Amino acid sequence: MATNNNCALSIRKGAGRVSEIEQRQSLSSLKGSIGMAHTRWATHGGVTDKNAHPHASCRELVAVIHNGIIENYLPLKKDLLARGHRFRSETDTEVIAHLVEDEYKRLRDPLRATMAATKKLKGQYAIAVMFQDRPDLMVGARKDAPLIVGVGDRKMFLASDVLAFLGHTDRTIFLDNYETVELKKDKVRILSRNGKEVKRKPTQVAWELGDLSKSDFTHYTLKEINEQPRTVVSAATQDVEKVEEFARAIRKAKSLYITASGTSYHAGLLMKFRLNKEARIRADAVVAGELKEHSGFLGKGSVLVTLSQSGETADLMEAVKEAKKRGAKVYSIVNAVGSSLARESDGVLLLNCGPEVGVAATKSFTAQVVVTNMVVDAVLGKRRSNGVKELADAVAEALKCDQQIRNLVWEYKDRSDFYFVARGYESPVALEGALKLKELSYIHAEGMAASELKHGTIALIEKGTPVVVLSSSGESHADSLSSAEELRARGADVIGISDVKDEVYRHYIQVPRVQPKFTPVVEAVPLQLLAYHMAVARRNDPDYPRNLAKSVTVK
Ligand code: AGP
């Protein structure tokens, strides 16, 4: 954190949780009418006090915080060192502070000095810059990382996400790529890439502050899991014409790609499954970070469907850039209103599930399943998606397995390996179950198609190995039960999640019977609760798991 108090620029920082740094450094006692803070996610240089942000220039005339990666920082640093600059950290970010100081000495204009400095940067950045001799203003700039202005009453905010300042204002100005902004308490100046003044009116975000409280829950993650009976209904509240527009684009597409990362990719796999199987439309589902390698058929006439909670995932934004460069149309299903993805896409459907604070995606996943099902139903010519009311009741019913899951956790919390298997349409849910458990409990977990077990992984199964088998009634139920038999025969503790009980299960978690297209929604609930309670039992913080970020804005 840095503040400027009448031309006294003070910086206090350290490695650790915000509450620990507050104790060690009493950040809240910093004085000043202007300030900035950043939680660094290490890319260049270890997680150390000196690598923490903000970074200052040689003579501490300038301080910078940065989200992103400066790819050409080494040659820039070499040149700055050769010209007598002294560095205190190993980070790429510190280069920016020295470059801005250089330009500021020359131009004496904070906005133009920042613009001149950023012109030398290659890579990705959202930055905020403070100047020791200008306690009345702050400058920000962005390229391929989100940066948003919050317009308050005689106070201004700059942040990577509206959630950061939603407690103070819901009036926002979304900055475009290569824009630089100067904030004073009652004035915003934006310059475009070629230095022209940009006039942009603030827009109001539809999210309420209330959405940000944990209400009576211990953690955001548990609150968001329990919000799902409501959020599956709000997710289904879509503009029918917009859904139709998506369906038309998919039907007309010369080639169709579905791309996303992490949990959103699992929702994409479910969409691909129904398009291939029911609509007979070929769709390639590729993780966002790999799309470039698989984009042979991506070009004019192609459609890229993307899914994202944050709408800021760097891998996904790169994939979108690639698709657009090749002339493809981009249709996105996203939660964050006004996010880069929403603004870069040709068509957008919003998840309407409210802000998701817990790092683990929960309600956004079930909302993605509802919205993608609506699009597929529209492709199949069904203008109205039915069964959402029943689904909401079923999700509320599924949440009742909470105590059973807590008991299960006590039996398995010290295990080092967990497996999740399923067949057909449920396979992506097995991947999702494994991802949730890994990211919240730090237990090694593997999700896979049950049919693949006997081709290798079954060698890892021994007495007491916990294996979750997802096998709701439907086409693949019988085959899933035979896989469960094979596992039990080798000593596995088979944990069955299904609407049909079976004696092969050592533990049976009942989920309500729903329309097959909604099975992933009700099966996700016990998987989310398993991961959440496992995290708590292992004394991990479910909301802020180690090494993870809610929005992965670096490649
Ligand atoms: C899921 O729980 C993780 N937080 C992560 O895998 C996430 O799904 C992924 O980073 C994609 O994020 P997005 O949906 O915001 O693009």
Side-chain angles (χ1 to χ4, degrees), residues 41 67 144-146 160-163 219-222 224-225 228 231 235 258-271 285-291 304-320 330 332-345 348-369 371-372 420 428-442 445 447 520 524-525 527-532 534-535 540-555:
W41 201 79
N67 175 19
D144 294 344
S160 302
D161 193 313
V162 291
L163 296 185
H219 296 103
Y220 285 107
T221 307
L222 188 60
E224 287 152 8
I225 292 172
Q228 294 178 105
T231 52
I258 299 173
T259 196
S261 303
T263 290
S264 298
Y265 173 67
H266 298 151
L269 284 174
L270 291 167
M271 183 182 195
V286 185
V287 290
E290 294 291 316
L291 184 92
L304 178 73
V305 171
T306 77
L307 298 104
S308 178
Q309 188 290 124
S310 63
E312 300 294 352
T313 298
D315 288 341
L316 192 56
M317 297 317 294
E318 277 297 295
V320 167
V330 177
S332 298
I333 298 171
V334 59
N335 193 36
V337 190
S339 58
S340 306
L341 182 64
R343 287 180 288 125
E344 303 263 332
S345 302
V348 178
L349 292 175
L350 295 172
L351 291 182
N352 303 329
C353 65
E356 188 174 66
V357 178
V359 167
T362 53
K363 62 178 181 175
S364 62
F365 173 66
T366 50
Q368 285 166 336
V369 178
V371 177
T372 50
F420 296 77
V429 191
L431 301 179
E432 180 57 12
L435 177 62
K436 286 281 104 50
L437 192 70
K438 281 189 277 192
E439 63 181 322
L440 292 187
S441 72
Y442 315 154
V525 172
L527 296 172
Q528 294 162 354
L529 288 169
L530 177 69
Y532 170 77
M534 201 62 100
N540 304 343
D541 181 334
D543 285 347
Y544 303 106
R546 69 186 184 199
N547 300 345
L548 292 178
K550 180 63 187 168
S551 180
V552 183
T553 52
V554 289
K555 280 190 283 183

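Since we're looking at a predicted model, the values are computed, not measured. Start at 1 and go down the list; that is how both ligands and their atoms are numbered.
- In this structure a side-chain-to-backbone donor-acceptor pair under 3.5 Å is present from D543 to Y220.
- No donor-acceptor pair closer than 3.5 Å links the side chain of Q528 to the backbone N or O of K436.
- Side chains of Q228 and T362: no donor on one and acceptor on the other come within 3.5 Å.
- In this structure a side-chain-to-backbone donor-acceptor pair under 3.5 Å is missing from E356 to E224.
- The closest side-chain donor-acceptor pair between S339 and E312, if any, does not fall under 3.5 angstrom.
- Around ligand 1, the residues contributing at least one heavy atom under 4.0 Å from the ligand are S261, G262, T263, S264, S308, Q309, S310, T313, V359, A360, A361, L435, K436, E439, V552.
- N67 and T553 share a donor-acceptor pair across their side chains, judged by distance under 3.5 Å alone.
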